[in-house]
Protein chains: 2
Amino acid sequence: MAYGMYVKFTTQAGTRDELVRLLVDAADSMNHVEGCQVYIVNVSETEPDTIWVTEVWRDAAAHADSLKLEATQSLIQQARPYIAGIEQIPLVPVGGKGL
Amino acid sequence: MAYGMYVKFTTQAGTRDELVRLLVDAADSMNHVEGCQVYIVNVSETEPDTIWVTEVWRDAAAHADSLKLEATQSLIQQARPYIAGIEQIPLVPVGGKGL
């Protein structure tokens with residue numbers, strides 16, 4: 001079963017663009033991760049300290065495996081100083097364009 | 001500038017699957033709409049009356065144009081009875097896998 005989520009990052013004031021850069025780099029590294037189908041980084045025009053990441057994975061195991069990757073661990077360490085909060089909306093993708 | 005959104009549909013009790021079918025059909029029709037890059041229908045394991053749609057468009061104009069399509073107008077009419085509420089989180093996609 002496909003596994004998805006919206007991840008809302010609230011950044012420390014004024015650090016959003018640094019975290020965007022790190023997350024887009026992370027997305028690039030996902031190009032080599034077969035189980036990752038979608039990893040889109042979004043900002044908000046109305047909330048300057050908010051980043052939303054759209055994630056779709058082949059299944060929950062593929063997502064769990066990705067957390068063990070060195071690239072992911074390195075991203076988490078680098079991103080930590082910029083993050084004031086993280087919220088997740090868990091999803092089950094059932095169909096559509098872009099899967 | 002790319003244009004995106006998360007759309008949360010709250011359905012009338014017990015009608016989620018009918019609306020999912022309509023939205024997946026709408027996603028299929030978006031395969032012929034060049035300005036639509038992503039249209040993914042998601043359900044929630046914890047909220048039985050909730051559907052989330054992830055949308056990414058080439059730009060706001062492409063989205064606006066899609067609302068004039070007969071397929072979209074027909075979807076809106078058919079979907080109306082199933083919808084108890086709609087909320088949108090506007091997004092600006094800035095990069096990632098799946099764009």
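First the proteins, then the strands, lettered A, B, ... as listed; each starts at 1.
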Peer 1: Can you tell me which of A:Asp28, A:Val38, A:Thr46 forms the most heavy-atom pairs within a distance under 4.5 Å of chain B?
Peer 2: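 Most pairs with chain B among the choices: A:Val38.
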
Peer 1: So which part of B:Leu23 gets closer than 4.5 Å to some heavy atom of chain A, the side chain, the backbone, both or neither?
Peer 2: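 Interface part for B:Leu23: neither.
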
Peer 1: Exactly one of A:Asn42, A:Val43, A:Val41 should register a side chain to side chain contact (heavy atoms under 4.5 Å, CB included) with B:Pro93. Which one does?
Peer 2: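 Filter result, single survivor: A:Asn42.
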
Peer 1: Please rank B:Gly4, B:Gly95, B:Ala2 by heavy-atom pairs under 4.5 Å with chain A and give me the top one.
Peer 2: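 Heavy-atom pair counts peak at B:Gly95.
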
Peer 1: Please determine, among B:Ala26, B:Cys36, B:Gly98, B:Pro90, the option with the most heavy-atom pairs under 4.5 Å with chain A.
Peer 2: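 Going by pairs under 4.5 Å, I would pick B:Cys36.
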
Peer 1: Counting heavy-atom pairs under 4.5 Å with chain B, which one of A:Val20, A:Thr50, A:Leu99 comes out on top?
Peer 2: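 Option with the greatest count: A:Leu99.
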
Peer 1: Applying a criterion of heavy atom separation less than 4.5 Å, what residues of residues 52-66 of chain A form contacts with chain B?
Peer 2: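 If one takes a 4.5 Å heavy-atom cut-off, the residues of residues 52-66 of chain A near chain B are A:Trp52, A:Val53, A:Thr54, A:Val56.
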
Peer 1: Between B:Val94 and chain A, with a heavy-atom cut-off of 4.5 Å, which part of the residue counts as in contact: side chain, backbone, both or neither?
Peer 2: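 Answer is both: backbone and side chain atoms of B:Val94 are under 4.5 Å from chain A.
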
Peer 1: Find the one option among A:Ile51, A:Ile89, A:Val24 whose heavy-atom pairs under 4.5 Å with chain B are most numerous.
Peer 2: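 Looking at each of A:Ile51, A:Ile89, A:Val24 in turn, A:Ile89 comes out on top.
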
Peer 1: What pair of heavy atoms forms the shortest contact from A:Ile40 to B:Lys97, and how long is it?
Peer 2: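 Residues A:Ile40 and B:Lys97, closest heavy atoms: CG1-O, 3.5 Å.
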
Peer 1: Pull out the residues in residues 72-81 of chain A that come under 4.5 Å of chain B, heavy atom to heavy atom, sorted by number.
Peer 2: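 Answer by number: none.
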
Peer 1: Is B:Met1 in contact with chain A via its backbone, its side chain, both, or neither, using a 4.5 Å heavy-atom distance?
Peer 2: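 B:Met1 touches chain A through side-chain heavy atoms alone.
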
Peer 1: To check you understand the geometry: which heavy-atom pair defines the closest contact between B:Ala27 and A:Gly96, and what is its length?
Peer 2: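 Here B:Ala27 and A:Gly96 meet closest at CB-CA, 3.5 Å.
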
